[in-house]
Amino acid sequence: MMRPKPSQAFWLMKSEPSVFSLNDLKASPGRTTSWEGVRNYQARNFMRDKMRVGDGVLFYHSNCSVPGVVGLAEVVREAYADTSAFDPRSPYHDPRSNRENPRWVMVDVKYQEEFPQVVPLSAIRKEPRLSRMLLLRRGQRLSIQPVTPEEFRIIREMGRERNS
DNA sequence: GCCAACGTTGGC
DNA sequence: GCCAACGTTGGC
């Protein structure tokens, strides 16, 4: 009897490499980090309502010389209170959030692989099969975005190719 | 460093 | 509830 495979969703998560890079994730204890600091309601809702253990993550470097997807990660813990909001010394402090009623959540994300080559935003733009990605929408700033299984697979293939 | 596009805030 | 002002994001 086949056990039904749990449905897996896919995401793109942005990080500024000067703040937290894929290498930082790889170097973290257990190659895992809590994705603290999300202060956008739409992104929070994706984490809180949709992200499940085992979901695939495209790790995207933003605000850098070559913005693009640099590798893969996976969700290893589902949403829980973002404690950085409670810390007055944290850059992510939010006095409107408290332990009794946390406003912000985070998930845990684990390193999976670094691509042999970055998949730059410019290459994503040029790939017709990726033309519908949220990432390419004008003015799109969401730091956590859903991607389709096809988009995930295509970008993974692009990243794993050694010569393009 | 510029600045367009966006989300949030707060006066009214 | 409107909307101007403001702060942030993020490519370039």
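Letters go in sequence order (proteins before strands), and every chain restarts at 1.
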- Query: So does A:Arg132 pair up with A:Glu151, basic N to acidic O under 4.0 Å?
  - Reply: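 Result for this pair is no, no salt bridge flagged.
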- Message: Between the side chains of A:Lys50 and A:Asp55, is the shortest nitrogen-to-carboxylate-oxygen separation below 4.0 Å, so that they form an ion pair?
- Response: no
- Task: Please name all residues satisfying side-chain contact (heavy atoms from CB on, under 4.5 Å) with A:Val19, sequence neighbours left out, ordered by chain then number.
- Result: A:Glu16, A:Tyr92
- Item | side-chain contact (heavy atoms from CB on, under 4.5 Å) against A:Glu150, all qualifying residues, sequence neighbours excluded | A:Thr148, A:Arg153
Can you hop from [X] to [Y] via hydrophobic side chains spaced under 4.5 Å?
X: A:Trp35; Y: A:Val69; result: no
X: A:Val118; Y: A:Val57; result: yes
X: A:Val70; Y: A:Leu12; result: no
X: A:Leu121; Y: A:Ile154; result: yes

- Residues touching DNA chain B, which here means a heavy atom under 4.0 Å, drawn from residues 132-147 of chain A: A:Arg138, A:Gly139, A:Arg141
- Task: For the pair A:Phe20 and A:Phe59, name the ring-plane relationship: parallel under 30°, tilted 30 to 60°, perpendicular over 60°.
- Result: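 The arrangement is tilted - the two ring planes meet at 30° to 60°.
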- Message: Tell me if the aromatic rings of A:Trp104 and A:Tyr41 count as close, with their centers under 6.0 Å from one another.
- Response: yes
- Message: Let's see if you get this right: which residues in residues 121-129 of chain A place a heavy atom under 4.0 Å from DNA chain C?
- Response: A:Leu121, A:Arg125
- Message: Tell me which residues in residues 59-72 of chain A lie within less than 4.0 Å of DNA chain C, going by non-hydrogen atoms.
- Response: A:Tyr60, A:Ser62, A:Asn63, A:Pro67
- Task: Answer yes or no: is there a donor N or O on one side and an acceptor on the other, between the side chain of A:Thr32 and the main chain of A:Ser28, under 3.5 Å?
- Result: no
- Name of the residue among A:Met47, A:Met51, A:Gln145 meeting side-chain contact (heavy atoms from CB on, under 4.5 Å) with A:Trp11: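 Exactly one pass, corresponding to A:Met51.
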- Which nucleotide of DNA chain C is the first, and which the last, in the 5' to 3' direction, to come under 4.0 Å of a heavy atom belonging to chain A? C:dG7 to C:dC12
